[in-house]
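Accompanying notes for the structure given below.
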Amino acid sequence: MPQTYPLEKIRNIGIMAHIDAGKTTTTERILFYTGKVHRIGEVDEGSATMDWMEQEQERGITITSAATTCHWKEFRINIIDTPGHVDFTAEVERSLRVLDGAVAIFCAKGGVEPQSEAVWRQADRYKVPRIAYVNKMDAVGANFYKVIDAIEVKLGANPVVVTLPIGVEDQFSGVVDVLHGKALYWIDELGLEVEEADIPEDMRDLFAQYRDKLVTAASDFDDEILERYVHGEEIPAHMLIAALRKGTISNQIVPCFCGSSFKNKGVQRLLDGIVDFLPSPLDIPPVEGIDPRTGEVTVRRPSDDEPFCALAFKVMTDPYVGRVTYFRVYSGILTNRSYVYNATRDKTERIQRLLLMHANHREDVEVVSTGDIVATVALKHTITGDTLCDEKYPIILEPIAFPTPVITVAIEPNTRQDVDKLSVSLAKLAEEDPTFTFKTDDETGQTLIAGMGELHLEVICDRLLREFGVGATVGKPQVAYKESIMEPVFGEGKFIRQTGGHGQYGHAKIRLEPLPRGSGFEFENAIRGGVIPQEFIPAVEAGVREALESGSLIGYPLVDVKAILEDGSFHEVDSSELAFKIAGSMAVKDALSRAKVIILEPIMKVEVNTPTEFLGEVLSDLTARRGQITGIETTGTFETIRAFVPLATMFGYATDLRSKTQGRGTYTMVFSHYDVVPSAEAEKIISKNYL
């Protein structure tokens with residue numbers, strides 16, 4: 001039975017950053033220093049505890065968020081290590097939704113990179129308090145102070161430095177603890193022995209400068225500190241910690257630490273920062289949800305005495321125990337072999353096993369309580385974003401929002417045996433990953449899978465073969481285009497079918513209007529005088545939605561459109577929901593036959609790092625790809641180019657960039673928005689789709 005902790009001693013945190021900033025390496029050190037593992041795993045060797053998937057070990061990157069629990073100085077820390085690659089942004093999104101705090105890791109050389117900016121904005125959206133850790137202080141080109149400036153300028157944050165680096169690059173030897181006024185050196189190879197010493201003479205002025213900034217920041221949250229500061233009195237560290245904790249939890253400051261996780265320096269001080277500054281479940285506002293019986297807002301306080309309430313944030317398929325559902329408990333307790341109510345689906349589920357997860361290892365527990373991040377097996381109806389609660393006190397929490405897929409490929413099973421296995425396996429993978437979808441093309445009969453990028457789909461296909469044993473051939477990646485309209489257009493649909501008994505009659509007149517980019521779809525019922533009975537309106541809307549699933553130009557979904565049901569008629573005997581659904585669909589198709597339809601394409605926010613001597617060639621290449629350059633920044637001998645580029649032109653860019661920069665150029669790509677395809681390109685796309 002695991003040790004129980006009071007709520008104020010629990011920390012639910014995530015580790016988030018740009019790819020290759022050292023998230024998993026840092027997590028490995030945290031697990032080692034807290035005694036969770038007895039040997040440090042390394043990402044490069046494929047032995048990292050949290051990167052347990054074969055695909056993660058081979059590629060040296062994190063693909064799926066992994067959860068674990070460890071203990072530090074009488075505190076229990078539940079950790080979720082999230083991916084840094086943009087293709088797996090859903091893993092970050094779902095993790096931030098259920099966490100109380102986060103550690104944002106920045107590379108001392110790379111600083112605030114595109115994906116670190118993206119995850120920071122995600123954390124802003126969920127109001128997650130953060131501390132920052134500047135890693136890789138031993139790397140060539142490391143610059144702690146430049147990263148702190150970037151956190152302030154690029155992220156709009158208020159960084160408060162808690163540790164300063166002693167030395168840099170291969171001279172990095174320890175940190176100055178600004179809170180306690182000491183120098184800390186890790187003298188053995190594993191970083192287990194810490195030696196305290198006086199602050200180096202050449203860093204006294206720097207320490208005084210940052211100590212002054214830290215005390216000034218703390219005084220904003222504690223009047224007694226301000227009074228002592230004004231009178232030049234000594235301020236004890238525990239007062240400063242309490243004040244900075246207030247500022248962190250209210251998202252007004254970001255305490256900043258530094259170190260080198262790979263060289264085992266600075267991680268213990270980061271652990272102190274996690275328990276000192278990040279919130280417990282008691283420090284965050286009570287969760288709000290909707291009572292499905294009344295539609296009213298209801299609240300759950302973080303207490304075991306409250307009714308049980310939890311959010312399922314991840315579903316995955318385990319080859320040994322089957323379907324595993326991860327959930328965060330916001331209130332109440334849940335016991336093994338009991339029942340829980342899924343308020344989102346209106347279903348009751350039986351709890352057969354409760355599990356404390358450590359990456360892919362499991363520990364059975366009998367009871368879970370407020371603040372726990374745990375898992376259970378064999379829930380039949382629960383998917384990501386569902387609320388689990390006490391049936392007597394139902395509540396539906398706000399679900400998790402996920403980005404839509406931007407890239408598709410066709411996938412064909414190799415043998416007849418693979419046909420059935422493919423659809424079952426794809427369904428399981430779609431359950432796990434809300435940014436992965438699949439469908440069958442009605443015209444070609446092909447199975448199309450869609451995801452967030454080439455790597456995302458590559459990993460999906462790899463898992464199909466290895467985990468599910470499905471042999472399949474994958475086509476070339478295709479862009480997930482969308483369609484829209486330029487101006488309002490009317491359409492009429494009349495469905496009349498006479499049979500021996502009752503016939504079918506449905507009649508709808510619909511106006512389609514364009515909406516601003518990113519608006520999606522809206523439906524308005526403008527029927528007056530009961531020309532169409534109220535009970536048939538939802539059927540018309542369903543027909544409209546179905547018709548918009550495939551546009552009139554190239555068969556992609558029609559978006560950013562408003563459908564207004566303006567008129568129609570019905571038959572007292574022959575009208576039915578089916579007839580009006582077909583009439584709604586016919587009205588849309590009629591409107592689209594006369595509409596000015598445009599094609600929309602996904603535009604990516606691209607950041608390219610290249611040595612200065614190759615800048616011209618890289619710029620001209622991006623321009624040839626229809627890229628819109630938004631900025632160029634010089635850092636030493638490297639240039640950082642920022643641009644918006646259509647996804648359609650970016651396939652194979654990694655290889656092209658390497659060849660143009662002698663293998664020294666790198667780039668990152670994040671989905672930004674959909675925009676209109678130029679007419680010349682649109683003609684090519686249309687002709688290609690009708691060949």
Side-chain angles (χ1 to χ4, degrees), residues 1-5 7 10 12 64-69 76 78-80 94-95 97-100 281 286-287 289-293 298 300-400 427-428 431-434:
M1 188 72 187
Q3 186 180 349
T4 55
Y5 287 78
L7 278 176
I10 293 175
N12 289 319
T64 181
S65 53
T68 190
T69 299
R76 173 174 163 182
N78 297 319
I79 301 173
I80 298 182
R94 62 164 132 221
S95 301
R97 174 68 174 80
V98 298
L99 293 169
D100 301 332
V287 290
I290 302 295
D291 186 330
R293 299 169 301 187
T298 184
R300 292 286 182 273
R301 291 180 302 106
S303 167
D304 289 350
D305 298 328
E306 288 269 301
F308 178 74
C309 167
L311 184 75
F313 67 94
K314 179 174 169 127
V315 176
M316 61 175 288
T317 304
D318 187 289
Y320 301 107
V321 295
R323 201 165 179 266
V324 179
T325 305
Y326 288 74
F327 60 95
R328 156 74 194 265
V329 182
Y330 285 103
S331 66
I333 59 172
L334 181 67
T335 56
N336 214 353
R337 291 173 290 281
S338 62
Y339 288 88
V340 71
Y341 178 59
N342 182 332
T344 311
R345 310 276 154 203
D346 191 21
K347 300 281 186 183
T348 301
E349 301 260 35
R350 176 159 168 74
I351 301 296
Q352 297 181 21
R353 284 176 75 188
L354 289 170
L355 305 167
L356 204 58
M357 301 299 289
H358 176 51
N360 63 331
H361 301 291
R362 299 165 291 276
E363 179 185 348
D364 283 276
V365 293
E366 288 302 312
V367 181
V368 296
S369 54
T370 308
D372 285 347
I373 293 178
V374 288
T376 186
V377 298
L379 295 188
K380 293 178 181 175
H381 308 289
T382 304
I383 63 169
T384 298
D386 285 359
T387 304
L388 303 173
C389 60
D390 186 329
E391 193 163 5
K392 294 176 189 169
Y393 305 96
I395 182 174
I396 299 178
L397 302 176
E398 183 187 348
I400 308 170
K428 286 181 179 177
E431 264 186 1
E432 285 186 26
D433 185 351

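All values derive from a computational prediction rather than experimental measurement.
To the nearest 0.5 Å, the span separating CD1 on I396 from CG on L311 amounts to 11.5 Å. Atom-to-atom distance recorded for T325:OG1 and K314:NZ is 11.5 Å, nearest 0.5 angstrom. Once rounded to the nearest 0.5 Å, the distance linking OG1 of T68 with CD1 of I80 reads 10.5 Å. For the atom pair CG (D100) and CG (N78), the distance works out to 9.0 Å, reported to the nearest 0.5 Å.
The two residues L356 and V374 come nearest to each other via the heavy atoms CD1-CG1, 3.8 Å. Nearest heavy-atom pair, C389 versus I395, reported as atom, atom and distance to 0.1 Å: SG-N, 3.7 Å. The two residues Y341 and T348 make their nearest non-hydrogen contact at CD1-OG1, 4.1 Å. Shown here for I400 and R97, the closest heavy-atom pair between the two residues is CG1-CG, 3.6 Å. The two residues L7 and P281 come nearest to each other via the heavy atoms O-CD, 3.4 Å. Across A312 and F327, no two heavy atoms sit closer than the pair CA-CB, 3.9 Å.
Counting only distance, with no hydrogens or angles, the side chain of T387 and the backbone of L397 share a donor-acceptor pair below 3.5 Å. Although no hydrogens or angles enter the test, the distance criterion places no donor-acceptor pair under 3.5 Å between the side chain of R345 and the main chain of I383. A donor-acceptor pair is defined here as one N or O able to donate and one able to accept, closer than 3.5 Å; no such pair exists between the side chain of T298 and the backbone of I290. In this structure, N12 contributes its side chain and G371 its backbone to a donor-acceptor pair below 3.5 Å. Between the side chain of T370 and the backbone N or O of G332 there is at least one donor-acceptor pair closer than 3.5 Å. Between the side chain of E349 and the backbone N or O of H381 there is at least one donor-acceptor pair closer than 3.5 Å. At distances below 3.5 Å, at least one donor-acceptor pair connects side-chain atoms of R323 with backbone N or O atoms of L379. Distance alone, capped at 3.5 Å, is enough to place a donor-acceptor pair between the S331 side chain and the P307 backbone.
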_Would I351 and N336 count as a side-chain contact (heavy atoms from CB on, under 4.5 Å) here? Give the steps._
CA-CA 6 Å; I351 301 296; N336 214 353; 4.1 Å; yes
_CA sep, side-chain torsions, deciding dist, call: Y326, M316, side-chain contact (heavy atoms from CB on, under 4.5 Å)_ = CA-CA 8 Å; Y326 288 74; M316 61 175 288; 3.6 Å; yes
*Could you walk me through whether R76 and D372 pass the side-chain contact (heavy atoms from CB on, under 4.5 Å) check?*
CA-CA 10 Å; R76 173 174 163 182; D372 285 347; 3.4 Å; yes
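R328 forms a cation-pi arrangement with Y330, by the criterion of a distance under 6.0 Å to the ring centre and an angle within 45° of the ring axis.
V367 places none of its side-chain heavy atoms less than 4.5 Å from the side chain of L354. V377 has its side chain within reach of L355: a pair of non-hydrogen atoms, C-beta onward, lies under 4.5 Å apart.
A salt bridge does not link E306 with R300: none of the charged nitrogens is closer than 4.0 Å to a carboxylate oxygen. With respect to the salt-bridge test (charged N to carboxylate O, under 4.0 angstrom), the residues D291 and R293 qualify.
Within a 6.0 Å sphere centred on CD of E398, heavy atoms belonging to other residues, nucleotides or ligands number 12 at most. By the 6.0 Å contact criterion, CZ on R301 is open, its count of non-hydrogen atoms from other residues, nucleotides or ligands being 12 or less.
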